[in-house]
Amino acid sequence: MTAKLFSPITLGGLEFPNRIAVAPMCQYSADDGSATDWHLYHWMNLAMSGAGMITVEMTDVERRGRITHGCLGLYSDHNEAAAKRALDAAKAVAAPRVKFGPQLAHAGRKASNQRPWEGAGALAPNEDPWPVVSASAIPFTEGWQTPRALEDDEIEHLIDLYESAALRARRVGYDFIELHGAHGYLFHQFLSPLSNKRTDRWGGSLENRMRFLVETAQRIRKTVPELMLGVRMSITEWVEGGFSPEEAIEVAKVLKAVGVSYICCSSGGNVLTQNMPVGSGYQVHLATAIRDGADIPVRAVGMIDDPLLAESIVSEGKADMVALARPLLADPRWPWRAAATLGAEMETAPQFARSMPLMKRWVKKA
Ligand SMILES: Cc1cc2nc3c(=O)[nH]c(=O)nc-3n(C[C@H](O)[C@H](O)[C@H](O)COP(=O)(O)O)c2cc1C
């Protein structure tokens with residue numbers, strides 16, 4: 001039996017060698033949005049991991065859209081050159097047919113924060129904070145800045161900024177783009193009735209709340225049709241009255257109609273009152289709901305660290321791909337281990353090939 005996890009998949013005309021994705025992971029190690037040597041090392045390491053799809057961390061479309069001073073961006077020529085340097089190096093060592101894409105984003109009201117290891121709270125006056133914006137003037141939580149509600153023309157301008165970051169992504173040499181519509185960042189702030197209280201064409205009905213995300217996706221498809229486009233959403237907010245799976249299905253249908261090729265199905269992050277039942281594969285059913293409801297390829301994510309669980313998700317048709325974050329930080333050879341566990345063959349760099357039998361022996365012993 002061949003493992004489905006190691007079978008290729010084509011999304012929007014782009015072929016991936018297997019169904020394992022690296023989930024986007026902020027490294028908080030950029031310099032005014034520019035990738036540093038940390039990214040060079042990190043992307044090269046992930047390129048050799050065996051995962052077929054590498055989603056580069058949240059990459060902000062403007063300076064004030066960064067969560068922290070260390071967040072990655074694609075808003076300047078320097079950002080573009082630095083990303084190209086790191087991506088060229090990663091591609092040079094990548095396993096065959098591995099594809100890379102940035103997760104374009106804006107933190108909105110969750111911007112101007114400290115790095116996780118500095119406290120993760122709002123930047124203090126002596127930490128060079130900046131004013132934040134959102135759909136409505138509602139802070140994320142106590143002690144965080146109250147955002148200024150964006151004007152109509154500012155939202156239009158933000159769509160231009162996404163387009164310009166997408167053009168930079170193409171010049172950098174990325175293969176696809178993911179839009180970050182999850183975890184309480186700006187698109188999610190518009191999607192959720194809890195953070196969007198607008199009464200203009202960007203708020204109120206679901207059609208209005210999804211307009212910013214949909215028009216951005218549409219613009220990127222038109223301007224950069226060569227790059228496959230996906231979207232990550234928080235399918236539920238795990239709270240009464242929040243953005244729901246039923247609404248997410250409707251958004252996914254519209255995104256599919258404008259040319260989006262996959263939805264990565266995450267959850268939560270927009271309100272602290274969420275009641276999230278975290279556990280092994282706890283978001284997989286959300287991916288299945290989107291796939292069944294909107295007939296679009298989906299990526300499942302969240303505590304999928306067991307190769308047998310990952311294989312069952314794709315082989316039982318619960319999702320088309322799986323994305324892993326923390327497991328790939330803990331063990332960047334996780335895909336090799338999964339292949340050995342599932343008895344699948346996978347291509348590694350020839351320089352590393354002699355270690356594969358050892359991996360198989362370790363897996364057998366465990
Ligand atoms: C260090 C770290 C950074 C993260 N940064 C991002 C990010 O940039 N964009 C995003 O959508 N999710 C981000 N996440 C969430 C992960 O992509 C993923 O959805 C989550 O960690 C659950 O998957 P896991 O159980 O495999 O870690 C981050 C998670 C971690 C641990």
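No experiment lies behind these values; they were computed from the predicted model shown. Numbering of ligands and ligand atoms starts at 1, following listing order.
Distance from atom 27 (O) of ligand 1 to its nearest protein heavy atom, with residue and atom name: R326 NE, 2.6 Å. Taking atom 21 (O) of ligand 1 as the reference point, the nearest protein heavy-atom neighbour is A325 CB, 3.5 Å. Nearest to atom 3 (C) of ligand 1 among the protein's heavy atoms is C26 N, 3.3 Å. Protein heavy atom in closest approach to atom 30 (C) of ligand 1: M25 CG, 3.9 Å.
In this structure, W238 and H285 have tilted ring planes: the angle between them lies in the 30° to 60° band.
Residue contacts with ligand 1: P24 is placed with a nitrogen or oxygen under 3.5 Å of a nitrogen or oxygen of the ligand (distance criterion only). At a 3.5 angstrom cut-off on N or O pairs, Y28 does not count as close to ligand 1. Between M303 and ligand 1, an N or O atom pair is found at a separation short of 3.5 Å.
With hydrogens and angles ignored, the 3.5 Å screen pairs a side-chain donor or acceptor of R66 with a backbone N or O of R63. Distance alone, capped at 3.5 Å, is enough to place a donor-acceptor pair between the R198 side chain and the L150 backbone. Put simply, the side chain of R97 never gets that close to the backbone of P17: no donor and acceptor are under 3.5 Å apart.
Contacts between Q103 and ligand 1, counted as non-hydrogen atom pairs separated by less than 4.0 Å, involve the side chain only. Looking at P327 against ligand 1, only its side chain comes within 4.0 Å, counting heavy atoms.
Considering each of E57, R232, Q27, M58, the one bringing a non-hydrogen atom nearest atom 10 (C) of ligand 1 is R232. Considering G269, A323, G302 only, the shortest heavy-atom separation from atom 23 (O) of ligand 1 involves G302.
Heavy-atom neighbours of E207 CD from other residues, nucleotides or ligands within 6.0 Å: at or below the threshold of 12. In this structure, W38 places its CH2 atom where only 12 or fewer heavy-atom neighbours from other residues, nucleotides or ligands lie under 6.0 Å away.
Under the 4.0 Å criterion applied to side-chain N and carboxylate O atoms, E250 and R209 are not assigned as salt-bridge partners. A salt bridge between R211 and D200 is absent, with no side-chain N of the basic residue lying under 4.0 Å from a carboxylate O of the acidic one.
The ligand atoms of ligand 1 that sit less than 4.0 angstrom from a heavy atom of A23 are 17 (O). Within ligand 1, the atoms closer than 4.0 Å to a non-hydrogen atom of L324 are 26 (O), numbered from 1 in the order shown.
Each of R219, K222, R168 was scored for a salt bridge (charged side-chain N to carboxylate O under 4.0 Å, His left out) with E163, with one residue passing: R219.
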